[in-house]
Amino acid sequence: MKLNLKNAASFVSPITLQATMAQTAAANELLESGKGAGNDYIGWVHLPSSITDAFLNEVQAVADELRKRCEVVVVAGIGGSYLGAKAVNDALQHTFDAYQAKDRKDPYVVYAGNNIGEDYLADLMEFLRGKEFGIINISKSGTTTETALAFRLLKTMLEKQSGKAEAQKRIVAVTDAKKGALRSLATKEGYKTFVIPDNVGGRFSVLTPVGLLPIAVAGHDIKALVRGAQEMEKLTGTDVPAENNLSAQYAAIRNAIYRFGKTTEILVNFNPKLHFMAEWWKQLYGESEGKDNKGIFPASVDFTTDLHSMGQWIQEGQRTIFETVISVKNASKSVVIPSDEENLDGLNFLAGKRVDEVNKMAELGTRLAHVDGGVPNILIEIDKVDEYNIGQLIYFFERACGISGYMLGVNPFNQPGVEAYKKNMFALLNKPGYEAESKAIQARI
């Protein structure tokens with residue numbers, strides 16, 4: 001993986017950048033020492049290097065059992081309990097995976113419990129009717145409303161459709177080691193379980209069974225994914241000087257630009273397969289940094305698609321933004337543009353070129369135009385979209401996020417603001433224990 005800061009560093013003074021680099025080194029040391037805010041949730045820092053082949057083999061064995069029994073596996077989870085898995089699966093699977101029914105080797109992996117959409121759940125249940133399906137239920141507590149609601153519906157349906165004994169073999173719980181509603185249910189029903197480590201928060205959990213199990217079920221190489229993360233862990237530790245440390249450099253430049261008045265970071269990709277990597281990234285940075293009236297607002301776009309919708313605003317709108325572009329050096333497949341005798345579309349000047357060459361020139365042209373328009377541009381280049389490179393990218397962003405949060409002076413590992421809507425929702429639904437809140441809300445509405 002490569003990081004190019006040239007078109008971002010030119011927007012800040014050398015003194016500012018030098019100061020942020022020094023702060024980056026200190027923040028990385030604080031993260032490594034385990035003495036910073038939220039230090040009970042930094043188990044992810046050395047998670048890749050702690051993962052053994054024996055553990056991965058266990059995850060793979062459970063995934064293989066689900067793959068053998070199921071046409072469809074539903075991943076029930078919200079936030080970090082599903083975004084990492086979906087990001088990796090979407091990046092690695094065939095673009096039209098959902099339409100490839102004939103001679104299919106891998107089960108469909110679909111997602112539930114990430115919304116409270118009645119039509120969505122009704123459509124999902126209609127899709128599952130008559131199919132051999134299983135469930136991976138991911139929740140530390142087992143009481144997260146969106147996920148618990150979906151699991152209740154799906155568990156009931158599975159038991160009616162396949163029988164309770166078979167359903168028991170097709171449900172896997174990823175939850176707390178000892179406590180919580182899902183742990184109690186899993187023990188009672190005899191479900192296979194995996195543990196969400198106490199010291200790893202949801203948005204940093206993709207390299208735990210939270211992400212690894214659904215990724216393995218989808219047929220992807222979790223060992224290669226972990227190898228990529230392990231390599232990046234080595235490249236971003238405190239023994240690597242900040243000037244050579246990819247995560248430290250990224251944290252430094254984005255904070256320098258933020259202090260210059262650029263308060264929104266747009267993650268850009270030119271490969272549609274990376275759309276949900278951006279969704280995962282938005283949660284990682286939004287939930288980690290958005291506190292105490294601080295934080296860079298994380299947004300994302302898919303280019304060239306969004307150049308025809310957001311391109312104008314990015315080029316000439318408020319100059320409060322900067323871009324981080326994920327560039328994929330090598331496409332996985334090759335499509336050559338043919339020549340056409342009549343050339344009515346005027347594209348013969350492209351004949352003989354690969355589509356990816358055209359895409360790369362669109363990427364370069366866009367980056368240059370946006371820099372000319374006053375938008376700092378950070379460039380991240382990965383070799384190709386595969387498990388190893390995605391594993392590197394995941395850990396790179398995680399490490400940089402921890403460093404950056406400490407540089408901002410916030411606790412990057414809590415999310416107190418997430419609870420606000422839940423209290424209001426429970427009060428409005430008359431959940432026992434929320435009587436006082438219910439009265440207060442009724443007075444407001």
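- Rounding to the nearest 0.5 Å places OG of S205 at 8.5 Å from CD of E398.
- D306 meets the salt bridge (Lys or Arg N to Asp or Glu O under 4.0 Å) test with no other residue; sequence neighbours excluded.
- When atom types are taken as modelled, the side chain of T236 and the backbone of M232 share a donor-acceptor pair closer than 3.5 angstrom.
- A donor-acceptor pair is defined here as one N or O able to donate and one able to accept, closer than 3.5 Å; no such pair exists between the side chain of E71 and the backbone of P107.
- With Y395 contributing its side chain and G228 its backbone, the two residues share no donor-acceptor pair below 3.5 Å.
- Looking at residues two or more places apart in sequence or on another chain, you find no ring pair (Phe, Tyr, Trp, His ring centres under 6.0 Å) involving Y41.
- K273 and T95 share a side-chain donor-acceptor pair at under 3.5 Å.
- A salt bridge links R254 with E265; the closest basic N to acidic carboxylate O contact falls under 4.0 Å.
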Could you list the donor-acceptor pairs under 3.5 angstrom formed between side-chain atoms of residues 214-227 and any protein atom two or more places apart in sequence or on another chain?
{"residue": "D221", "atom": "OD1", "partner": "K223", "partner atom": "N", "Å": "3.1"}
{"residue": "D221", "atom": "OD1", "partner": "A224", "partner atom": "N", "Å": "3.1"}
{"residue": "K223", "atom": "NZ", "partner": "N57", "partner atom": "OD1", "Å": "2.8"}

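- Using a 4.5 Å heavy-atom threshold, the side chains of I314 and H370 count as touching.
- Salt bridge present: E65 and K68 bring a charged side-chain N and a carboxylate O closer than 4.0 Å.
- Using a distance-only test at 3.5 Å, with no hydrogens or angles considered, no donor-acceptor pair links the side chain of E381 to the main chain of S327.
- A 4.5 Å side-chain heavy-atom check between W44 and L207 finds every atom pair outside the cut-off.
- Residues passing the side chain to side chain donor-acceptor pair (under 3.5 Å) test with N39, sequence neighbours excluded: none.
- Cation-pi check for K262 over F322 is not met; the charged atom does not lie both under 6.0 angstrom from the ring centroid and within 45 degrees of its normal.
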Donor-acceptor contacts under 3.5 Å from residues 108-122 side chains, at least two apart:
{"residue": "Y111", "atom": "OH", "partner": "N89", "partner atom": "ND2", "Å": "3.2"}
{"residue": "N115", "atom": "OD1", "partner": "G117", "partner atom": "N", "Å": "2.9"}
{"residue": "Y120", "atom": "OH", "partner": "Y111", "partner atom": "O", "Å": "2.4"}

Between N389 and M1, is the side chain to side chain contact (heavy atoms under 4.5 Å, CB included) condition met? List the steps. CA-CA 8 Å; N389 282 276; M1 192 180 121; 5.8 Å; no
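- Expressed to the nearest 0.5 Å, how far CG of L30 lies from OH of Y406 amounts to 5.0 Å.
- Distance CZ/F303 to CZ/R367: 12.0 Å, rounded to 0.5 Å.
- Among all heavy-atom pairs drawn from I296 and T264, the shortest one is CG2-C, 4.1 Å.
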Where do I138 and Y82 land on the side chain to side chain contact (heavy atoms under 4.5 Å, CB included) test, with the steps shown first? CA-CA 8 Å; I138 305 170; Y82 95 101; 6.0 Å; no
Donor-acceptor contacts under 3.5 Å from residues 192-199 side chains, at least two apart:
{"residue": "K192", "atom": "NZ", "partner": "E58", "partner atom": "OE2", "Å": "3.1"}
{"residue": "T193", "atom": "OG1", "partner": "R183", "partner atom": "NH1", "Å": "3.3"}

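- When ring centroids are compared, W281 and Y285 come within the 6.0 Å threshold.
- With sequence neighbours excluded, the residues that form a salt bridge (Lys or Arg N to Asp or Glu O under 4.0 Å) with K360 are D356.
- Counting only distance, with no hydrogens or angles, the side chain of K35 and the backbone of L31 share no donor-acceptor pair below 3.5 Å.
- Nearest heavy-atom pair, T156 versus R152, reported as atom, atom and distance to 0.1 Å: OG1-O, 2.8 Å.
- Partners of D97 according to the side chain to side chain donor-acceptor pair (under 3.5 Å) rule, which considers only residues two or more places apart in sequence or in another chain, are R104.
- Residues meeting the side chain to side chain donor-acceptor pair (under 3.5 Å) test with E233, sequence neighbours left out: H46, S49.
- Residue V385 comes nearest to A91 through the heavy atom pair CG1-O, 3.3 Å, listed as atom of the first residue, atom of the second, then distance.
- A cation-pi arrangement is absent between K422 and F426, since the terminal nitrogen or guanidinium carbon is not both under 6.0 Å from the aromatic centre and inside a 45° cone about the axis.
- Between the side chain of S50 and the backbone N or O of L47, at least one donor-acceptor pair lies under 3.5 Å.
- By the neighbour-count criterion of 12 heavy atoms within 6.0 Å, atom OH of Y99 is sparsely surrounded, having that number or fewer from other residues, nucleotides or ligands.
- Every residue meeting the side chain to side chain donor-acceptor pair (under 3.5 Å) condition with N255, not counting sequence neighbours, appears here in chain and number order: S404.
- One finds the CD atom of Q392 at 6.5 Å from the CG atom of L235 (value rounded to the nearest 0.5 Å).
- Under a 3.5 Å cut-off, the side chain of T324 and the backbone N or O of L267 do not form any donor-acceptor pair.
- Shown here are the salt bridge (Lys or Arg N to Asp or Glu O under 4.0 Å) partners of K431, two or more places apart in sequence or in another chain: there are none.
- Here the closest non-hydrogen pair linking G43 and V200 is C-CG2, 3.8 Å.
- Nearest heavy-atom pair, L408 versus K294, reported as atom, atom and distance to 0.1 Å: O-NZ, 3.1 Å.
- Taking K155 as the reference, E159 meet the salt bridge (Lys or Arg N to Asp or Glu O under 4.0 Å) condition, with sequence neighbours excluded.
- N28 and E32 share no side-chain donor-acceptor pair at under 3.5 Å.
- In this structure, the separation between CG on D106 and NE2 on H94 is 12.0 Å, given to the nearest 0.5 Å.
- With no hydrogens or angles considered, no side-chain donor-acceptor pair links R399 and N245 at under 3.5 Å.
- Remark: side-chain polar atoms of Q283 are paired, donor with acceptor, to backbone N or O of G80 under 3.5 angstrom.
- When atom types are taken as modelled, the side chain of T52 and the backbone of F55 share a donor-acceptor pair closer than 3.5 angstrom.
- Closest approach of C401 to F204, counting heavy atoms only: SG-CZ, 4.3 Å.
- Electrostatic pairing of E166 and R69 counts as a salt bridge here, judged by a charged N lying under 4.0 Å from a carboxylate O.
- Taking 4.5 Å as the limit, every side-chain heavy atom of L379 sits out of range of all side-chain heavy atoms of N7.
- Defined by atom type and a distance below 3.5 Å, a donor-acceptor pair is present between the side-chain atoms of R203 and Q415.
- No side-chain donor-acceptor contact under 3.5 Å links K179 to the backbone of D176.
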Evaluate side chain to side chain contact (heavy atoms under 4.5 Å, CB included) for E231 paired with Y388, printing each intermediate quantity in order. CA-CA 9 Å; E231 181 67 20; Y388 179 82; 3.3 Å; yes
Go through it in stages, so that I can follow the logic: the residues are E243 and Q249, the test is side chain to side chain contact (heavy atoms under 4.5 Å, CB included), and I'd like the CA-CA distance, side-chain angles, deciding distance and then a yes or no. CA-CA 7 Å; E243 60 269 21; Q249 289 180 45; 5.5 Å; no
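- A distance of 12.0 Å separates NZ of K169 from SG of C70, quoted to the nearest 0.5 Å.
- Taking a 6.0 Å sphere around NZ of K131, one finds it holds more than 12 heavy atoms contributed by other residues, nucleotides or ligands.
- Between L66 and V172, the closest side-chain pair of non-hydrogen atoms falls below 4.5 Å.
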